[in-house]
Amino acid sequence: MPSRSRQEWIRLSLRTPGILIFGMVLAPCGLILNLTSTVAPNWRTFTPPGSPVDEFIQQGIWEVCRSSTINTRIDCSLQDDAYFANQIITVAQGLMVASLLVTLIGLAVAIPGVRCWKDRPNWVVAGLGGLLIFLSGVMTIIPIAWYTHILTTIPTDTVGATNVQVGYCIILGYIGGIFEILAGFVMFIGICRCCGGKNRGEKRVEVVSRFRNQTQPRRVDVPRLSRDRNTPTSSVPYSKDSMDEDVSFPRAKSPAVRSVNTSNGGRPYDVDL
């Protein structure tokens, strides 16, 4: 099968392809969610023993805070050496920060490739940016899933903690990571032409030409009304006598001459007047 050249494909619209719009919308959303998940101290919550019912402890990957359900004051000056000595905390800190940086780099690479103020996107550059965004989503899901798996077994200085629950940072991390994985994957598949070019919004040149020929109005040669007798033969056959006839507008018939009875000395009757 002969290889197809790039010139055999054409884009019917100058709009940005849908897969690139999808990726460039989801990637920043995932970045914001992952940033919130990284800095907020709410990966898990529990109730310490002997504390009031309205108080609970929030643990993140950077700090531990004491909160209450009846006021908005948060005390983040708590120390928990046993908690921060866990391997998952160190891994989560490194991967979450790396995920944020890789996402920013991926967006910086993808933005010039998406349009770069040209008629045709640079699919290779946009695909590489999508690959970086995909990897950043994977780096977010790994610590989030690991932390969730050992949620109740992570040691802490607070002995006898009860009511251990998942914090909202875990939920935001899952959503942000999935957003980035989807965005990066969709943008990366644009690096190759799939489904007959539909992923790029392209069609073959011969298909487009056939469509345009079908929609082009058919040309019809209409004979001119006034023509020279010496004009060469046209597409419509005419006889010599037909050229003498007036085909533009019918002439009004001249009124018939009224007969006058000239008898009786040449004087017309009264009925003839």
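The basis for the numbers below is simple: all heavy atoms, side chains too, and nothing from hydrogens, waters or symmetry mates. All residue numbers refer to positions in the sequence shown, counting from 1.
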Quick one: pull up [atom1] in [X] and [atom2] in [Y] and give me the separation to the nearest 0.5 Å.
X	Y	atom1	atom2	value
Leu107	Met24	CG	CE	5.5 Å
Leu172	Leu33	CG	CG	6.0 Å
Leu104	Leu132	CG	CG	11.5 Å
Asn86	Thr153	CG	OG1	8.5 Å
Leu131	Leu135	CG	CG	4.5 Å
Ile74	Cys65	CD1	SG	6.0 Å

Just grab all the salt bridge (Lys or Arg N to Asp or Glu O under 4.0 Å) pairs involving residues 69-82, residues at least two apart or on different chains.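 Checked against salt bridge (Lys or Arg N to Asp or Glu O under 4.0 Å) - neighbours excluded - no pair reaches residues 69-82.
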Residue pairs involving residues 56-69 (criterion salt bridge (Lys or Arg N to Asp or Glu O under 4.0 Å); sequence neighbours excluded): Glu55-Arg66
Please determine whether side-chain contact (heavy atoms from CB on, under 4.5 Å) holds for the pair Thr38 and Leu100, giving the CA-CA distance in whole Å, both sets of side-chain angles, and the decisive distance to 0.1 Å. CA-CA 9 Å; Thr38 303; Leu100 297 175; 4.1 Å; yes
Of the non-hydrogen atoms in [X] and [Y], which two are nearest, and what is the gap between them?
X	Y	value
Leu20	Ala126	CD2-CB, 4.1 Å
Ile133	Ala27	CD1-CB, 3.8 Å
Thr36	Cys169	O-SG, 4.2 Å
Asp157	Ala82	OD1-CB, 3.0 Å
Pro143	Leu95	CD-CD1, 3.7 Å
Ala110	Met187	CB-CE, 3.5 Å

With side chains defined as the heavy atoms from C-beta onward, is the minimum distance between [X] and [Y] less than 4.5 Å?
X	Y	value
Gln59	Tyr83	yes
Gln79	Val64	no
Asn163	Phe46	no
Val166	Leu151	yes
Ile57	Leu78	yes
Met96	Trp62	no

Are Ile32 and Ile170 in one and the same hydrophobic cluster, where Ile, Leu, Val, Met, Phe, Trp and Tyr link if side-chain heavy atoms are under 4.5 Å apart?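 No: no chain of side-chain contacts under 4.5 Å links Ile32 to Ile170.
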Output all residues satisfying disulfide bond (SG atoms under 2.5 Å apart) with Cys29, sequence neighbours left out; order by chain, then residue number. none
Within a reach of under 6.0 Å around CZ of Phe84, are more than 12 heavy atoms found that belong to other residues, nucleotides or ligands?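 Yes, because the 6.0 Å sphere around CZ of Phe84 holds more than 12 heavy atoms from other groups.
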Side chain [X], main chain [Y], donor-acceptor under 3.5 Å:
X	Y	result
Gln93	Ile61	yes
Arg44	Ile154	yes
Trp43	Ser37	yes

Pair listing, side-chain hydrogen bond (donor to acceptor under 3.5 Å, both in side chains) test, anchored in residues 124-145, at least two apart: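 Applying side-chain hydrogen bond (donor to acceptor under 3.5 Å, both in side chains) to every pair that reaches into residues 124-145, excluding sequence neighbours, yields Asn34-Thr140, Ser99-Thr140, Thr103-Ser136, Ser136-Glu180.
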Share the residues that join Val25 in a hydrophobic cluster, the rule being Ile, Leu, Val, Met, Phe, Trp or Tyr side chains under 4.5 Å apart at the heavy-atom level.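 Listed partners: Ile21.
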Phe134: partners by ring-ring contact (aromatic ring centres under 6.0 Å, His included), with sequence neighbours left out: none
